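Please read these numbers as outputs of a predicted model, since none were measured by experiment. Throughout, protein chains are lettered first and strands after them, A, B, ... in sequence-line order, and every chain is numbered starting at 1. Just so you know, these numbers use all the heavy atoms, side chains as well, and skip hydrogens, waters and symmetry mates.
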Amino acid sequence: MAESTVHVVDDDESFLIAMARFLRASGLRTRTYSSAREFLAEQRGDEPGCVILDLRMPDVGGLDLQSALSQTGCPLPVLFLTGHADTTSTVRAMRGGAEDFLEKTAAKEVLVEAVKRALVRDQQQREERSHRDELLARFAAISAREREVLGHVLRGRLNKQIAGDLGIHERTVKVHRKSIMTKLSVRSVAALAQLSQEAGLPVHF
Amino acid sequence: MSWVTVVWSMIAAACLTLAALHFPVWLRNHDARASLAFSIAAACTAAIAYFELRMLQSQTTAEFAANLKWVQVPMDLLLLALAAFAYHHLDAGWRRVAIVAIGLRLISLILDFTTGVNLNYLELTDLVKIPLLGESVSVGRGVPNPWMAIGQVSVVLLCVFFAHASWMAWRRGRRAAAVVVGGSFILFILAGVGQAMLAHWGLVPPAPSALSLFALGVVAVMGYSLSAELLRAKQLVAELSEREREADLAAEAASLGIWTRDIVGDRLMASRKLRDLFGFDVAQPVTIEQMVQRVHVDDREKFRERLSQAARRRGEYQGEFRLVLPDGQLRWITAIGRVDFDAKGKPVRSRGACIDITSSKRAEQEMLRLRQDLAHVGRVSVMGQISSALAHEINQPLGAILRNAEAAALFMQHESPDLHEISAILEDIRKDDQRASAVIDRIRALLRHEEVAMTTLNVREVLGDVATLLRPDATARHVALEFGIPADLPGVHGDQVQIQQVLLNLILNGMDSLEGVRDRPRSVVVTARRDGPVSVEISVSDSGCGIDDAHFDRIFDPFFTTKVKGIGMGLSISRGLIQAHGGRLWAENTAIGATFRFTLPIAS
């Protein structure tokens with residue numbers, strides 16, 4: 001797995017350099033950007049990490065960048081920094097899904113803690129996303145008829161009932177069930193139910 | 001003793017008495033020339049009486065001729081005194097005529113001693129005895145001296161002089177003096193001298209000489225006229241002291257302190273109120289230097305200069321000064337005064353009046369202080385509005401310093417710390433520290449509560465500071481803050497902090513008005529231009545919603561606000577500040593938004 005990167009976006013050059021120095025000294029891989037535009041242009045999106053954003057920047061502000069990020073496929077956790085935290089912008093940032101909201105003069109423990117938490121969360125989100133992707137890939141192998149059968153199975157109906165509902169032979173239902181179990185590599189109906197739930201399948205009951 | 005002796009002696013005595021009475025008047029006051037002329041005339045009359053008595057009682061022609069010769073001396077002097085008296089007392093007359101007449105009289109006096117036995121006779125043949133007051137007196141008879149005509153021409157000229165002087169005095173309204181002096185003098189000359197002349201030329205029968213008798217009449221008339229003058233003077237003195245008391249009363253009522261300084265005699269008279277004002281005792285003698293010493297050190301030079309300037313040229317002065325009383329109390333006075341000059345243009349007297357203006361000065365200063373307090377309050381409230389922007393600005397360098405210091409501490413824990421990196425960190429820390437203190441200086445400058453300092457301001461620089469303060473706030477509120485100041489704009493006269501306060505207030509208002517504007521660019525534009533020869537106009541325009549018609553007339557009223565958190569003092573204070581600078585502040589609605597404009601005087 002690739003190492004996490006902390007992206008720092010701030011228009012204040014002096015603070016940007018100091019922040020990068022500190023994060024590097026704390027053992028974190030760091031990249032700096034002097035504007036939101038620059039960050040968006042260079043963002044590849046598939047690397048793990050988090051973003052530290054200055055709330056007040058000319059042109060595209062921190063909050064604008066946050067909403068732009070949240071619309072991409074793999075949002076990085078955003079950690080806001082501001083010179084002075086006033087209520088209005090704090091509320092807006094948190095509502096927009098900010099990971100954290102810190103003042104620029106915050107204690108280093110608080111800052112490091114927040115960055116690590118963001119990175120952990122990014123890691124978790126990344127794992128959840130890959131797990132779901134894998135499940136979705138497995139479910140993608142199931143045919144339309146099998147999907148139909150699966151729906152009835154998950155509702156707890158017997159093979160005979162399913163055959164009746166679908167107007168097919170009971171033995172055919174059995175073949176479909178076996179095929180589903182093999183494709184999803186589960187042994188019991190209970191495991192099948194759990195897996196379907198994890199995948200967040202749009203199963204219509 | 002004979003009656004003739006008694007009468008002529010009494011004439012002489014009376015005249016000498018009058019002379020003795022009036023001569024001291026002139027001695028005490030050399031300006032009283034009429035008194036001098038009068039006493040000389042009286043003394044001359046006494047002398048004439050003496051010589052006349054000797055003539056009347058002469059036994060030989062030689063004795064008669066000698067006395068007649070000598071009587072010419074007091075006679076000429078008498079005429080001279082009369083001319084002088086008329087000239088000074090009536091303050092009129094042709095001087096040249098008088099001088100010619102007196103000159104002729106002098107020539108006749110020389111002829112008196114050089115031709116014939118005297119001016120009257122070439123030769124005296126005999127003495128005629130004529131009865132007078134019960135005895136017989138001598139009257140001369142002989143060959144008339146033709147040179148006598150010169151003396152007579154002089155007498156005619158004097159008559160013309162007196163007539164003209166009386167006429168002038170009459171026209172000027174001094175009718176009594178004109179009639180008494182002119183009339184009696186001409187009468188004396190016509191009656192006394194004329195009679196003698198006619199007798200001399202043999203046109204009337206010889207009569208005893210009675211010149212002194214007529215002269216006495218003239219002296220009596222002169223004495224009367226002079227005493228009338230003295231009486232009037234006394235009355236004037238009484239009226240004057242009455243006026244003085246009235247003036248004192250008026251001065252007292254108006255709390256005016258009055259002083260008069262005799263520059264020649266170096267004496268100073270100070271009214272009670274003036275002593276009161278300057279803190280002098282009632283009886284203490286006061287000098288001008290003592291007065292100067294009571295003036296506040298900083299005003300002393302100005303006070304002295306006004307006094308000496310008045311003495312040198314203009315004669316009048318006025319000014320406001322501070323006094324420091326012996327107990328240390330400060331008092332403001334306004335002083336007004338005048339210097340009187342004599343005919344030669346030399347300063348002789350200076351007068352002055354002072355009035356206590358301490359309470360009005362205090363009120364004025366109190367008002368100024370209140371206005372400054374109000375301005376301060378306004379400033380603090382403006383600063384409150386942008387405090388979050390300020391906190392942001394100051395935390396920027398502080399945050400950088402903190403992170404740098406922490407990074408350095410972490411680097412130092414390495415086995416072989418990168419010293420280049422650490423020294424770069426230290427340099428950055430120093431720079432950010434300077435940045436932070438620059439921010440603090442700016443805030444302090446804006447919040448300081450000092451006396452107004454009027455200087456020449458560069459509008460561009462003043463706006464530069466304001467822009468730095470407002471830029472972060474404008475950014476956060478998505479407002480484009482633009483400035484259009486021509487490079488050749490002249491400097492303005494004003495207090496930097498107050499002008500910045502007004503600009504902050506107007507720009508913040510403009511930014512507030514953009515709240516909720518989404519359909520057009522959000523901008524606040526500050527421009528400046530020269531407005532006529534003496535002022536510069538600065539305008540702050542926003543693209544907001546403009547000023548509601550219902551509010552338009554009230555926006556400059558104190559405590560009027562349309563903002564939820566506003567106190568409604570910003571525009572009121574701003575207008576007060578601009579007016580105190582001699583400018584105007586007003587508002588206009590434009591096609592989009594509102595524009596506030598104000599003027600400031602161009603620095604001379």
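- Neither the backbone nor the side chain of A:Ala20 comes within contact range of chain B; no heavy atom of the residue lies under 4.5 Å from a heavy atom of that chain.
- To the nearest 0.5 angstrom, A:Thr82 atom OG1 is 8.0 Å from B:Gln396 atom CD.
- Using a 4.5 Å cut-off between heavy atoms, B:Arg435 contacts chain A through its side chain alone, with no backbone atom that close.
- Heavy atoms of A:Leu23 lying under 4.5 Å from chain B are absent altogether.
- Using a 4.5 Å cut-off between heavy atoms, B:Leu398 contacts chain A through both its backbone and its side chain.
- Once rounded to the nearest 0.5 Å, the distance linking OG of A:Ser26 with CG of B:Leu410 reads 5.0 Å.
- Within a 6.0 Å sphere centred on NE2 of B:His414, other residues, nucleotides and ligands contribute more than 12 heavy atoms.
- The local environment of CD in B:Glu427 is crowded, with over 12 non-hydrogen atoms from other residues, nucleotides or ligands closer than 6.0 Å.
- Atom CD1 of B:Ile401 is separated from atom CZ of A:Phe15 by 11.5 Å, given to the nearest 0.5 angstrom.
- Under the 3.5 Å distance criterion, the side-chain polar atoms of B:Arg403 are left unmatched by any main-chain donor or acceptor of A:Thr105.
- Heavy atoms only, all atoms of each residue included: B:Ala400 and A:Ala18 are closest at O-CB, 3.3 Å.
- A:Lys116 NZ: 12 or fewer foreign heavy atoms inside a 6.0 Å radius.
- A salt bridge links B:Glu421 to A:Arg21: at least one charged side-chain nitrogen sits closer than 4.0 Å to a carboxylate oxygen.
- By the 6.0 Å contact criterion, CD on A:Glu13 is open, its count of non-hydrogen atoms from other residues, nucleotides or ligands being 12 or less.
- A:Glu103 is listed as a side-chain neighbour of B:Asn395, based on a closest heavy-atom distance under 4.5 Å.
- If you measure heavy-atom distances from B:Ala405 to chain A, you find no contacts under 4.5 Å at all.
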